[in-house]
Amino acid sequence: MNKNVKIWQVAGCAVPVTALGLASLPMQAQPQGRYNIVYIMTDDHTAQMMSCYDRRFVETPNLDRIANDGVRFTQSFVANSLSGPSRACMLTGKHSHKNGFTNNEHGIFDGSQQTMPKLLQKAGYQTALIGKWHLVSRPTGFDHWNIVPGQGDYYNPDFITMNNDTVREEGYLTNIVTDKSIDWMENGRDKSKPFILFIHHKACHRNWLPEMKYLNEYEDKTFALPANFYDDYEGRQAAGTQEMHIGRDMDMLYDIKMYLPGMTSRLSPNYLRMIGRMTLVEMLQYDEVYNRLSREFYAKSATMSERGLAEFKYQRYMRDYAKVLKSLDDNVGRVLDYLRDKNMLDSTLVVYTSDQGFYMGEHGWFDKRFMYEQSLSTPLVMRLPDGFNRRGEVNDMVQNIDYAPTFLDLAGVEIPEDIQGQSLLPLLRGKSSPKKWRKSIYYHFYEYPAEHMVKRHYGVRTNRYKLIHFYNDIDTWELYDLQTDPNEMNNLYGRPEMDKVTRTLRKELKKLQEQYDDPIRQKWPIE
Ligand code: SGN
Ligand code: CA
């Protein structure tokens with residue numbers, strides 16, 4: 001071997017690095033381009049249900065491990081709060097109008113476009129994706145993929161293979177996705193190359209079906225009601241016309257699972273599908289718990305007030321969601337343990353996030369979509385590899401269009417000009433953030449008319465304020481001061497004392513629409 005070439009051991013792979021190249025590297029830094037990336041993304045997991053963000057409801061010790069050893073972003077947002085669109089933003093680093101996938105109901109992801117996995121693959125990375133995909137077309141840019149059809153099923157789920165076969169797997173989806181991910185890291189990849197692995201869970205998506213061993217978990221816990229559970233939506237027209245209200249829209253059977261023998265004719269196809277996935281043994285275990293709960297409920301339901309019923313549904317929702325999350329937290333722990341045991345943590349960026357946040361009773365809701373805080377936000381924690389010294393909270397505004405340029409940057413790949421996000425590496429390198437960072441983020445939601453009936457809207461959020469325009473079959477504006485009104489109950493739009501703030505925000509919104517080249521600005525020009 002040439003004397004000038006040393007072998008740098010990274011991620012279980014031997015990488016030749018010239019002595020000259022090494023000399024120019026910062027002391028403890030790994031050579032650029034050789035870091036691994038493990039990207040874990042859940043579905044509908046919200047920061048309120050993650051103890052490193054919020055201690056009120058559940059403990060998530062393994063998710064917290066990532067934050068405790070690394071960084072926790074306190075202002076992490078999505079660009080369009082829905083599964084498919086979020087995934088498309090993440091893969092492309094572009095807003096929905098640029099990547100073409102604006103909504104779940106009519107979208108088919110154009111897999112021929114430039115994506116971050118493709119660029120990494122070209123740069124010599126092994127790329128793999130396991131779990132939920134939800135972009136309709138088949139994945140492109142991956143050396144290996146194994147996805148669930150559509151939303152996937154919690155129990156004994158089907159997986160689609162790269163040969164286009166659909167295979168039914170035995171077990172609970174969250175465990176299976178992790179088994180497959182660890183198996184790929186251990187046996188499936190070419191260990192002479194760095195890799196990026198996308199671990200995409202269905203958890204904690206509706207209708208929150210727990211793993212058998214956690215059927216009874218949280219059953220003795222009573223969750224506190226959010227302060228605005230009984231929101232009346234005054235001054236917020238679009239908020240008043242949604243169909244994601246716990247009291248009114250959550251289904252007693254499908255969501256709340258209050259089912260007794262004899263109710264079969266009332267079961268929706270979705271409910272029947274979920275039951276149909278269980279083995280006989282699982283069904284007996286499941287029925288033992290949920291039939292008992294159903295009997296208790298129907299014994300008193302006739303005398304329940306409207307509020308009593310809404311609060312009952314809220315408790316059931318919170319408990320089932322928390323049960324599903326418990327399996328997820330266990331499985332994130334398994335991935336971290338694997339990386340630790342294989343001495344890969346120092347050479348691997350571990351990212352944990354969700355496709356968007358979720359309402360846990362705030363405004364009386366479940367689901368997401370709105371640009372209000374709970375669903376505009378998404379949890380984001382990272383465990384950083386050697387060479388990145390940042391720890392603790394990062395308070396700068398970041399968005400899911402930033403992930404693609406971040407991973408490319410980490411791999412030493414040039415970030416193409418048409419990518420709209422920003423690399424987060426400058427926030428992760430030093431002990432604090434660089435002075436110049438974005439001061440606002442842009443959001444645009446499209447899926448209407450559709451399930452949950454959230455009107456189309458776009459808006460801007462700064463550190464302190466948020467301006468939203470609901471459009472299409474409505475034309476209303478909302479303005480919030482997040483400092484004085486963090487629960488977004490008080491629409492200040494049109495108040496004379498807010499004129500100056502409004503003008504500034506409209507200008508900022510206009511600027512962002514131009515910068516990101518959103519064609520909506522032709523239809524609804526901002527003056
Ligand atoms: C399903 C759910 C909705 C949910 C969408 C989108 N209904 O249609 O409640 O908003 O997915 O979710 S269900 O009856 O099928 O459970 S997303 O996270 O995939 O965007
Ligand atoms: Ca989702």
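Whatever order the structure lists them in is the order used to number ligands and atoms, beginning at 1.
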**Asked** Can you check whether Phe358 and His205 have ring centres sitting under 6.0 Å from each other?
**Response** no

**Closest Asp43 atom to the Ca ion (ligand 2) [N, O or S only]** = OD1

**Message:** Could you tell me, atom by atom, which parts of ligand 1 come under 4.0 Å of a heavy atom of Asp367?
**Reply:** 4 (C), 9 (O), 10 (O)

**Ion pair Glu478/Lys466, N-O distance below 4.0 Å** = no

**Prompt:** Is there a nitrogen or oxygen of Asn207 sitting under 3.5 Å from a nitrogen or oxygen of ligand 1?
**Reply:** no

**Asked** Less than 6.0 Å separating the ring centroids of Phe77 and Tyr443?
**Response** no

**Request:** Decide yes or no on salt bridge (charged side-chain N to carboxylate O under 4.0 Å, His left out) for Lys368 and Asp355, but give the supporting numbers first.
**Result:** CA-CA 10 Å; Lys368 52 262 179 175; Asp355 62 347; over 6 Å; no

**Message:** Nearest non-hydrogen contact with atom 12 (O) of ligand 1 belongs to which option: Met244, Lys368, Arg206, Met274?
**Reply:** Lys368

**Request:** Look at atom 9 (O) of ligand 1 and say which protein heavy atom is nearest, naming residue and atom and giving the distance to 0.1 Å.
**Result:** His452 NE2, 2.7 Å

**Atoms in ligand 1 with a heavy atom of Asp355 nearer than 4.0 Å** = 18 (O)

**Item:** Donor-acceptor contact below 3.5 Å, side chain Asn36 vs main chain Phe195
**Value:** yes

**Pair Tyr446 and His106, ring centroids less than 6.0 Å apart** = no

**Option whose closest heavy atom lies nearest to atom 13 (S) of ligand 1, chosen from Phe358, Phe366, Tyr271, Tyr254** = Tyr254

**Request:** Could you list which atoms of ligand 1 come closer than 4.0 Å to a heavy atom of Asn270?
**Result:** 13 (S), 14 (O), 15 (O)

**Asked** What is the closest protein heavy atom to atom 7 (N) of ligand 1, and at what distance does it sit?
**Response** Glu451 OE2, 2.8 Å

**Message:** Only heavy atoms of Gln356, strictly under 4.0 Å: list the atoms of ligand 1 that pass.
**Reply:** 18 (O)

**Fill in**
The atoms of ligand 1 lying under 4.0 Å from a heavy atom of His134, numbered in the order shown, are 19 (O)

**Complete:** Under 4.0 Å from one or more heavy atoms of Asp43, ligand 1 contributes atoms 18 (O)

**Item:** Atom indices of ligand 1 within 4.0 angstrom of Arg369 heavy atoms, with elements
**Value:** 4 (C), 5 (C), 6 (C), 10 (O)

**the Ca ion (ligand 2): angle it makes with OE1 (Gln356) and OD2 (Asp355), nearest 10 degrees** = 90°

**Complete:** On a heavy-atom basis, the closest approach of His469 and Asp475 is NE2-OD1, 2.6 Å

**Request:** In plain terms, say whether Arg334 and Asp330 are close enough for a salt bridge, that is, a side-chain N and a carboxylate O under 4.0 Å apart.
**Result:** no

**Request:** Check ligand 1 against Lys132 and write out every atom of the ligand that is under 4.0 Å from a heavy-atom position of the residue.
**Result:** 19 (O)

**Asked** Would you say the side-chain atoms of Glu282 and Asn156 include a donor-acceptor pair closer than 3.5 Å?
**Response** yes

**Message:** From the N, O or S atoms in Asp44, identify the one nearest to the Ca ion (ligand 2).
**Reply:** OD1

**Message:** Does the plane of the ring in Trp365 sit parallel, tilted or perpendicular to the ring in Phe370? Use 30° and 60° as the thresholds.
**Reply:** parallel

**Message:** Suppose we measure from atom 11 (O) of ligand 1 to each protein heavy atom; which comes out shortest, and what is that distance?
**Reply:** Gln151 NE2, 3.0 Å

**Request:** Assess the pair Trp208 and Tyr290: is the distance between their ring centroids shorter than 6.0 Å?
**Result:** no

